[in-house]
Amino acid sequence: MDCLFCSIINGEIPSKKVYEDDKVYAFYDISPQAPVHFLVIPKEHIASANDLTEENAAVVAHIFAVIAKITKDLGIADGGYRVVNNCGENGQQTVKHLHFHVLGGRSMQWPPG
Ligand code: 5GP
Ligand code: ZN
């Protein structure tokens, strides 16, 4: 399957790794929108939040546990951060492999655009 993030997971496309285990991979966004901006993705190809089911959604709970660990390690947990999932056309999702943006190191604005 031709998927950018699957190619990053298997190393065909280089990335700056933040964290990895058997279920997930985390790496810095190529176009950071905050002092700290990384993405956490499941190793299993799931196209978007629309494709989550009772059978495959456990990885999302794991992703949030991993985010809690990484943000502590990077020193942004206490200050707080934002986790974002863009889904589909209206959500402005550009890469069709489920991913969670983690943005920190500055104060965010609300509402998002
Ligand atoms: P989306 O808009 O789909 O929610 O987010 C996709 C994100 O992937 C964007 O923030 C974009 O900067 C990032 N991205 C796209 N291509 C690459 C790449 O080749 N390497 C890395 N590290 N990030 C990428
Ligand atoms: Zn993929």
Side-chain angles (χ1 to χ4, degrees):
M1 188 199 309
D2 198 19
C3 169
L4 176 66
F5 285 176
C6 283
S7 299
I8 283 179
I9 291 164
N10 69 29
E12 279 168 26
I13 293 174
S15 64
K16 210 172 152 199
K17 178 162 87 173
V18 181
Y19 173 89
E20 180 175 19
D21 63 26
D22 58 327
K23 296 188 209 60
V24 307
Y25 186 72
F27 57 106
Y28 287 105
D29 197 293
I30 204 167
S31 176
Q33 302 302 313
V36 177
H37 182 180
F38 62 89
L39 304 172
V40 189
I41 64 180
K43 287 191 169 176
E44 177 189 357
H45 179 87
I46 298 170
S48 82
N50 276 339
D51 299 287
L52 288 165
T53 65
E54 292 295 345
E55 283 65 46
N56 68 13
V59 72
V60 176
H62 181 60
I63 283 171
F64 274 80
V66 163
I67 289 170
K69 176 184 156 37
I70 297 172
T71 52
K72 282 186 193 79
D73 290 348
L74 295 179
I76 60 166
D78 288 347
Y81 51 86
R82 183 167 292 170
V83 181
V84 174
N85 170 252
N86 296 324
C87 178
E89 198 177 332
N90 282 350
Q92 300 277 302
Q93 180 182 4
T94 60
V95 179
K96 309 298 190 252
H97 181 128
L98 179 69
H99 53 279
F100 292 85
H101 296 256
V102 181
L103 300 131
R106 69 167 169 86
S107 184
M108 299 294 148
Q109 297 184 342
W110 193 262

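One-based numbering, in listed order, for ligands and for the atoms of each.
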Hey, does N86 come in under 3.5 Å of ligand 1, counting only N/O atoms on both sides? yes
Quick check: is L98 connected to I67 through a chain of hydrophobic side chains (ILVMFWY, heavy atoms under 4.5 Å apart)? yes
Linking I/L/V/M/F/W/Y whenever any side-chain heavy atoms sit under 4.5 Å apart, do F27 and V66 land together? no
Can you list the ligand 1 atoms lying under 4.0 Å from a non-hydrogen atom of [X]?
{"X": "Q92", "answer": "2 (O)"}
{"X": "H101", "answer": "1 (P), 4 (O), 5 (O), 7 (C), 10 (O)"}
{"X": "F27", "answer": "21 (C), 22 (N)"}
{"X": "V95", "answer": "3 (O), 6 (C)"}
{"X": "Q93", "answer": "3 (O)"}
{"X": "S31", "answer": "12 (O)"}
{"X": "F5", "answer": "8 (O)"}

Compare I13, D29, L4 and give the one whose heavy atom is closest to atom 10 (O) of ligand 1. D29
Heavy-atom distance to atom 14 (N) of ligand 1: which of I8, I30, L103, T94 wins? I30
Under the 3.5 angstrom rule, does the side chain of Q93 hit a backbone N or O of A47 as a donor-acceptor pair? yes
Does ligand 1 have an atom that lies less than 4.0 angstrom from a heavy atom of [X]?
{"X": "H99", "answer": "yes"}
{"X": "L39", "answer": "yes"}
{"X": "K96", "answer": "no"}

Can you check whether [X] and [Y] have ring centres sitting under 6.0 Å from each other?
{"X": "F38", "Y": "Y81", "answer": "no"}
{"X": "F100", "Y": "F64", "answer": "yes"}
{"X": "H97", "Y": "H99", "answer": "no"}

Kindly check if the number of other-residue, nucleotide or ligand heavy atoms within 6.0 Å of CG (D21) is above 12? yes
State the atom name: nearest N, O or S atom of H45 to the Zn ion (ligand 2). ND1
Per residue H97, nearest N, O or S atom to the Zn ion (ligand 2) is named ND1
Determine whether the side chain, the backbone, both or neither of F100 has a heavy atom under 4.0 Å from any heavy atom of ligand 1. neither
Minimum side-chain heavy-atom gap V95-L39 below 4.5 Å: no
Identity and separation of the nearest protein heavy atom to atom 22 (N) of ligand 1: Y28 O, 2.9 Å
